[in-house]
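Note sheet for the following structure.
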Amino acid sequence: MYRLRFLKHDVGSCRKHFSTQTPLQSAGSMACLLKTRSVIRFKGPETVKFLQGLVTNDVRSLDDPQSAGENSNTPNMPVLEIPPIYAAMLTPQGRFLYDFFLYRKPRSDEKLDRTGSGPGHDSGGLEIYADVDGSVVDELLETLKRYRLRSKVDIENVAKDYSCWQRFGGTLASKSSSLGDSELSSVGRGGAIDLAGVSASQGSEQGWHWSKDPRLACLGYRGIFPTNETPPLVEAGKETDDGNFLLWRLENGVAEGSAEIPKGEAMPLEYNLAGLNAISFDKGCYIGQELIARTHHRGVIRKRLIPLRFLDDSGKEVEQKVSPGSEVIDTASQKKAGTVTTALGSRGLGLIRLDEAFQGTSLLSIKGQEDIKVETIRPEWWPSEWLLDHQQSSAAA
């Protein structure tokens with residue numbers, strides 16, 4: 001793993017966007033196998049109907065792909081996009097249980113065969129694959145099967161056959177294509193098609209390919225690939241440790257999985273799942289929807305998950321000194337401001353009260369470790385109304 005060092009900041013200016021350049025940020029694009037994630041498969045005529053009533057996002061698009069038209073780099077190659085969907089499953093009380101990245105398996109009419117001249121072999125039937133938290137996959141399968149009842153859908157653990165990967169860093173966030181413009185530009189030159197290049201960019205023989213991370217552009221690209229294959233655009237043996245992607249997510253204020261989004265406890269809107277494209281507010285009923293809808297329409301979110309940086313009194317970062325569950329307090333009043341939910345090195349995520357996080361007049365520290373200061377940083381992707389709504393509700397109170 002990269003050893004990361006950051007430029008110093010004045011501890012007193014603890015409310016800012018990330019602005020430093022770190023070795024991780026300047027290392028260029030990277031790819032990693034996500035060892036903490038697993039893959040399950042849904043198959044059957046009622047798969048979409050089953051998922052639609054279970055998860056927070058609208059999954060009907062997985063059964064109704066839309067053509068994206070011609071590929072600008074290889075004009076005689078049509079492109080059919082079926083972007084993955086990020087969603088969560090909740091308790092009946094509206095608390096977080098599990099998160100899902102849902103992918104539709106490519107079908108014969110959506111990909112070329114190995115010669116590039118026509119459709120490949122049709123494997124038959126709609127299949128949806130889910131990238132899920134590997135630490136709870138057995139529990140998740142049991143839960144899903146309890147809800148299945150008489151639905152015509154099979155649910156299977158296929159972790160031995162498929163793996164989850166992420167590409168991130170460098171300039172990936174600025175790419176407009178689901179594959180990356182610079183990568184596609186090498187596929188065809190001078191109007192000709194380099195079929196080997198198409199294969200490398202589009203994906204595996206089974207049609208799997210990289211897709212934009214459905215949460216945020218800054219997170220790069222995500223994909224499911226056969227376990228026995230190296231994903232396209234990844235040099236064998238050159239992938240980075242997945243701890244670097246964890247750090248990348250911490251810097252961008254994004255939690256993932258039941259370890260970072262407490263199962264049975266977390267309020268999805270406080271963990272910013274609406275801003276991560278995980279929630280549809282007009283899809284209709286699903287388990288736990290009532291609390292989500294009520295909270296959303298009331299418009300008052302007093303706490304949110306925020307990126308943190310841990311510093312000593314001189315403003316130097318401190319490594320491995322803070323643990324998840326540590327209490328964050330206002331140093332002056334000694335009142336609780338929030339809780340650290342995830343920590344890695346000098347970085348972390350915390351569920352912090354907005355009136356404490358961005359007030360700018362007080363310093364935060366770790367309870368029992370008052371020599372460790374806590375810097376809260378607003379991610380650049382946050383919509384401005386998140387802070388505006390809070391300011392308006394505070395003024396009204």
Identify the heavy atoms of [X] and [Y] that sit nearest to each other, and give their distance.
X	Y	answer
Arg222	Tyr103	CG-OH, 3.4 Å
Cys32	Thr240	CB-O, 3.2 Å
Lys152	Glu46	N-OE1, 2.9 Å
Thr331	Ser365	OG1-OG, 3.1 Å
Ala255	Ile261	CB-CG1, 3.7 Å
Val48	Ile128	CG2-CD1, 4.0 Å

Distance, nearest 0.5 Å, that separates [atom1] of [X] from [atom2] of [Y]:
X	Y	atom1	atom2	result
Gln334	Lys367	CD	NZ	8.5 Å
Ser333	Glu356	OG	CD	6.0 Å
Asp241	Glu239	CG	CD	10.0 Å
Leu311	Ile372	CG	CD1	10.0 Å
Asp63	Ile82	CG	CD1	10.0 Å
Ile287	Met89	CD1	CE	5.0 Å

Self-check item: More than 12 heavy atoms from other groups under 6.0 Å of NZ on Lys35
Solution: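 For Lys35, atom NZ is crowded (more than 12 foreign heavy atoms under 6.0 Å).
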Should [X] and [Y] count as side-chain neighbours, where that means a heavy-atom distance under 4.5 Å?
X	Y	result
Tyr286	Thr56	yes
Lys283	Gln52	yes
Asp99	Glu256	yes
Ser384	Arg378	yes
Leu246	Arg249	yes
Ile366	Val328	yes
Lys336	Arg353	no
Ile40	Glu156	no

Relative to the ring of [Y], is the ring of [X] parallel (under 30°), tilted (30 to 60°) or perpendicular (over 60°)?
X	Y	value
Phe42	Phe50	tilted
Phe101	Tyr86	tilted
Phe168	Phe245	tilted

Quiz item: Hey, mind stepping through Thr376 and Leu308 against side chain to side chain contact (heavy atoms under 4.5 Å, CB included) and telling me if it holds?
Solution: CA-CA 5 Å; Thr376 58; Leu308 306 177; 3.6 Å; yes
Exercise. Please lay out, stage by stage, how Leu354 and Lys303 fare under the test side chain to side chain contact (heavy atoms under 4.5 Å, CB included).
Key: CA-CA 6 Å; Leu354 292 175; Lys303 296 182 291 183; over 6 Å; no
Return yes if some donor-acceptor pair links the side-chain N/O of [X] with the main-chain N/O of [Y] below 3.5 Å, else return no.
X	Y	answer
Glu370	Gly368	yes
Asp131	Cys164	no
Thr341	Leu349	yes
Lys316	Asp313	no
Arg104	Leu62	yes
Ser151	Val153	no

Quiz item: When hydrophobic residues are tied together by side-chain contacts of less than 4.5 Å, even through go-betweens, does Leu54 share a cluster with Val136?
Solution: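 As far as the 4.5 Å side-chain criterion goes, Val136 and Leu54 are connected within one cluster.
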Quiz item: Do Leu291 and Leu351 sit in the same hydrophobic cluster, where Ile, Leu, Val, Met, Phe, Trp and Tyr count as joined when their side-chain heavy atoms come under 4.5 Å apart?
Solution: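 In one cluster: no.
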Self-check item: Under 3.5 Å side-chain donor-acceptor pair for Asp242 and Gln166
Solution: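 Side-chain D/A pair, Asp242 to Gln166: absent.
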Quiz item: Below 6.0 angstrom between ring centroids: does that apply to Phe358 and Trp386?
Solution: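 Not under 6.0 Å, so no.
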Practice problem: Please list, chain by chain and in numerical order, all residues satisfying side chain to side chain donor-acceptor pair (under 3.5 Å) with Ser280, sequence neighbours excluded. | Solution: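 In terms of side chain to side chain donor-acceptor pair (under 3.5 Å), with neighbours along the sequence ignored, Ser280 is linked to Asp282.
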Self-check item: Test salt bridge (charged side-chain N to carboxylate O under 4.0 Å, His left out) applied to Asp58 - qualifying residues, sequence neighbours left out
Solution: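 Partners of Asp58 under the salt bridge (charged side-chain N to carboxylate O under 4.0 Å, His left out) test: Arg60.
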Quiz item: Under the ring-ring contact (aromatic ring centres under 6.0 Å, His included) rule, what pairs show up with a residue in residues 287-336, not counting sequence neighbours?
Solution: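 Residue pairs passing ring-ring contact (aromatic ring centres under 6.0 Å, His included), neighbours aside: Phe281-His296.
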Report all side-chain donor-acceptor pairs from residues 140-147 shorter than 3.5 Å, counting only partners two or more places apart or in another chain.
unit_1, atom_1, unit_2, atom_2, d
Thr143, OG1, Tyr98, OH, 3.3
Thr143, OG1, Glu139, O, 3.0

Indicate every side-chain donor-acceptor pair of residues 265-277 with a distance under 3.5 Å to a residue at least two apart or in another chain.
unit_1, atom_1, unit_2, atom_2, d
Asn272, OD1, Arg304, NH1, 3.0
Asn272, ND2, Leu305, O, 3.0
Asn277, ND2, Pro214, O, 3.1
Asn277, ND2, Arg215, O, 3.0

Quiz item: For Ile329, which fellow cluster members are found when Ile, Leu, Val, Met, Phe, Trp and Tyr are connected by side-chain heavy-atom distances below 4.5 angstrom, either directly or through intermediates?
Solution: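 Members besides Ile329: none; it forms no cluster.
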Quiz item: Quick one: which of Trp210, Tyr129, Trp208 gives a ring pair (Phe, Tyr, Trp, His ring centres under 6.0 Å) with Phe225?
Solution: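 Running ring pair (Phe, Tyr, Trp, His ring centres under 6.0 Å) over Trp210, Tyr129, Trp208 with Phe225 returns exactly one hit, Trp210.
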Quiz item: For Arg167 and Met30, what are the C-alpha separation, side-chain angles and deciding distance, and is it a side chain to side chain contact (heavy atoms under 4.5 Å, CB included)?
Solution: CA-CA 6 Å; Arg167 294 183 63 233; Met30 294 168 280; over 6 Å; no
